[in-house]
Peer 1: 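Let me begin by handing over the structure; questions about it come next.
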Number of protein chains: 2
Amino acid sequence: MTDPTAPGPLAATAALMADPARARMLAAMMGGEALTAGELARIAGVVPATASGHLARLAEGGLIVVHAQGRHRYHRLASEEVAAVIETLGGLAARIAPLRPWKHGDAARQSRLCWNHLAGRLGVALHQRLTGEGWLTPVSGGWTASAEGRTRLAATGVDLDQAMKAARFACDCMDWSERRPHLAGGLGKEIASAWLTRGWLRRLPGAGDADVLARRRIAVTPDGARGLREGLGLDAA
Amino acid sequence: MTDPTAPGPLAATAALMADPARARMLAAMMGGEALTAGELARIAGVVPATASGHLARLAEGGLIVVHAQGRHRYHRLASEEVAAVIETLGGLAARIAPLRPWKHGDAARQSRLCWNHLAGRLGVALHQRLTGEGWLTPVSGGWTASAEGRTRLAATGVDLDQAMKAARFACDCMDWSERRPHLAGGLGKEIASAWLTRGWLRRLPGAGDADVLARRRIAVTPDGARGLREGLGLDAA
DNA sequence: ACCCTGCTTCGCCCTGCCCCGAAGCATCGC
DNA sequence: GCGATGCTTCGGGGCAGGGCGAAGCAGGGT
């Protein structure tokens with residue numbers, strides 16, 4: 001039998017997220033960008049030395065991966081699965097917290113990124129539109145696109161073939177603010193990155209209000225609003 | 001602006017799961033039963049006084065609810081959402097943990113309960129069978145059942161109407177051991193409870209091997225194997 | 001070559017909290 | 001009534017670990 005006093009994997013992994021500074025770092029990385037240790041230190045509100053220790057633990061725990069480049073070290077979440085856990089846990093926390101220094105009434109429902117795909121109002125609306133019209137239908141372990149869905153998405157700059165190739169089993173990620181699924185997986189990533197590079201979406205500076213929203217806010221540009229309306233019949237209010 | 005040193009809801013909630021004793025308690029409650037403080041103390045491997053403190057914190061944090069009855073106090077998970085978070089986090093932890101006192105190779109994939117519905121091999125197989133035959137199709141925020149699916153399920157003792165009534169948005173819960181969705185929500189609950197009372201499934205004592213599997217193991221009885229084969233064409237190996 | 005910047009390692013302090021034993025309340029059985 | 005059981009609150013001890021400053025080690029610019 002194993003040591004009964006051992007933490008166990010669940011507690012060990014939870015402990016990695018249980019520190020305020022580390023939680024802020026993880027929340028910041030939910031924007032999908034790779035951030036340097038210095039940036040993360042500032043975000044977390046600790047001195048670089050402390051941040052370095054935290055990042056080492058997160059990396060050793062497998063929650064983040066580090067990419068050294070020159071004298072910078074870039075940190076990002078290790079996988080979509082890690083992002084999903086943080087998203088889910090953050091949603092539960094936000095709904096549970098009776099102590100409410102964090103108004104999750106309105107700001108939290110805004111459109112945002114969840115690791116590398118769209119979440120919030122926009123993410124959910126997109127998911128409903130695509131599945132509601134039958135352009136996309138879930139099958140066990142992935143998606144199939146109708147011919148119309150394929151051309152519609154292509155018109156918005158989404159390379160469906162490449163997305164499908166990478167679309168290892170596209171869970172629809174549960175959106176905690178809207179309580180409906182949004183589009184994750186390879187397809188979600190492809191859509192978000194296509195629209196970001198096309199200038200239909202842009203990142204908002206997003207202040208420093210930590211935790212669930214740090215560095216994750218996005219907005220639809222006028223171009224994007226027009227494109228989504230014409231291409232998908234989606235009203236991005 | 002709020003106090004920048006405040007833990008934040010994410011860290012606070014994660015901290016509740018970050019203690020070994022509390023994690024063991026939560027894992028035990030994943031079996032769906034309401035457990036007394038004494039049982040949980042024994043499971044967690046701590047003295048009743050310590051367990052009482054932990055349970056108070058879990059309750060105050062909204063992860064569990066307490067139901068006093070006579071001189072016993074029964075504790076269970078507060079919601080399906082809490083269960084989903086624990087399941088997801090446990091899955092991530094099990095796959096990440098490079099330190100492996102916890103073999104998650106085989107035992108973890110066994111059929112088990114996830115809060116109040118089926119998970120593991122059986123849960124995933126069931127989900128695939130029901131959706132694969134078109135008996136159940138996901139629609140935005142729930143399910144619809146075909147006529148054939150309705151009669152098939154009714155034949156196994158599942159009251160579909162009642163299930164649907166309670167089937168507030170049946171996310172398919174992601175199964176971490178099989179990496180495929182299984183059936184959660186009101187329908188998943190109804191199926192599991194129907195088959196448990198009918199004697200098609202039974203709980204396994206489940207040793208005390210804590211964390212992800214404590215008190216969650218189930219097995220298909222000979223009766224159940226026959227019923228599932230005849231009723232649903234499902235081979236419960 | 002020089003310095004500057006970004007990051008890490010080290011040593012120390014100190015808070016938080018996990019644990020237990022003892023005592024205090026409830027509830028049930030007799 | 002009485003004692004037994006289940007659980008809680010209280011006080012004290014001990015350890016993990018989070019925080020910082022100082023020093024060390026890269027990589028880059030000039």
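A note on names: the letters A, B, ... follow the listed sequences, proteins ahead of strands, and every chain is numbered from 1.
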Peer 1: Any donor and acceptor pair, going by atom type alone, linking the side chain of A/Glu190 with main-chain N or O of A/Leu160 inside 3.5 Å?
Peer 2: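 No; zero donor-acceptor contacts below 3.5 Å.
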Peer 1: Using modelled atom types and a 3.5 Å cut-off, is there a donor and acceptor pairing between side-chain atoms of B/His75 and backbone atoms of B/Arg73?
Peer 2: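 Answer holds: yes.
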Peer 1: Using the side-chain contact (heavy atoms from CB on, under 4.5 Å) rule, take B/Thr13 and B/Leu63 through it: C-alpha gap first, then chi angles, then the decisive distance, then the call.
Peer 2: CA-CA 8 Å; B/Thr13 307; B/Leu63 294 193; 4.2 Å; yes
Peer 1: Ignoring hydrogens and geometry, is there a side-chain-to-backbone donor-acceptor pair from A/Trp195 to A/Val220 under 3.5 Å?
Peer 2: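 Pair absent, no side-chain N/O of A/Trp195 close to backbone of A/Val220.
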Peer 1: Between the protein and nucleotides 12-19 of chain C, which nitrogen or oxygen pairs are less than 3.5 angstrom apart?
Peer 2:
{"unit_1": "C/dC18", "atom_1": "OP2", "unit_2": "B/Arg22", "atom_2": "NH1", "d": "3.1"}
{"unit_1": "C/dC18", "atom_1": "OP2", "unit_2": "B/Arg57", "atom_2": "NH1", "d": "2.5"}
{"unit_1": "C/dC18", "atom_1": "O5'", "unit_2": "B/Asp19", "atom_2": "OD1", "d": "3.3"}
{"unit_1": "C/dC19", "atom_1": "OP2", "unit_2": "B/His54", "atom_2": "NE2", "d": "2.5"}

Peer 1: Using a 4.0 Å cut-off to any heavy atom of chain A, which nucleotides of DNA chain D are the first and last in contact, reading 5' to 3'?
Peer 2: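 Counting from the 5' end, contacts occupy D/dG17 to D/dG28.
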Peer 1: Is the backbone N or O of A/Pro48 less than 3.5 Å from a side-chain atom of A/Ser52, with the two atoms forming a donor-acceptor pair by type?
Peer 2: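 Between the backbone of A/Pro48 and the side chain of A/Ser52 there is no qualifying donor-acceptor contact (under 3.5 Å).
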Peer 1: Could A/Arg203 and A/Glu33 be called an ion pair, given the rule that one side-chain N must be under 4.0 Å from one carboxylate O?
Peer 2: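 Salt bridge between A/Arg203 and A/Glu33, a charged N being under 4.0 Å from a carboxylate O: yes.
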Peer 1: Quick test: give all pairs of protein nitrogen or oxygen and nucleotides 5-7 of chain C nitrogen or oxygen below 3.5 Å, distance rounded to 0.1 Å.
Peer 2:
{"unit_1": "C/dT5", "atom_1": "O2", "unit_2": "A/Arg71", "atom_2": "NH1", "d": "3.1"}
{"unit_1": "C/dC7", "atom_1": "OP1", "unit_2": "A/Ala37", "atom_2": "N", "d": "3.3"}
{"unit_1": "C/dC7", "atom_1": "OP2", "unit_2": "A/Gly38", "atom_2": "N", "d": "2.8"}

Peer 1: May I have the step-by-step check of side-chain contact (heavy atoms from CB on, under 4.5 Å) for A/Leu118 and A/Ile218, ending in yes or no?
Peer 2: CA-CA 9 Å; A/Leu118 300 176; A/Ile218 54 168; 3.5 Å; yes
Peer 1: Might you work through the side-chain contact (heavy atoms from CB on, under 4.5 Å) test for B/His54 and B/Arg24, ending with a clear yes or no?
Peer 2: CA-CA 11 Å; B/His54 284 311; B/Arg24 280 191 286 266; over 6 Å; no
Peer 1: Please check this pair: side chain of A/His117 against backbone of A/Cys114, looking for a donor-acceptor N/O pair closer than 3.5 Å.
Peer 2: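 The answer is yes, because a donor-acceptor pair under 3.5 Å joins these two groups.
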Peer 1: Look only at the side chain of B/Arg22 and the backbone of B/Leu16, and say whether a donor-acceptor pair between them is shorter than 3.5 Å.
Peer 2: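 Present.
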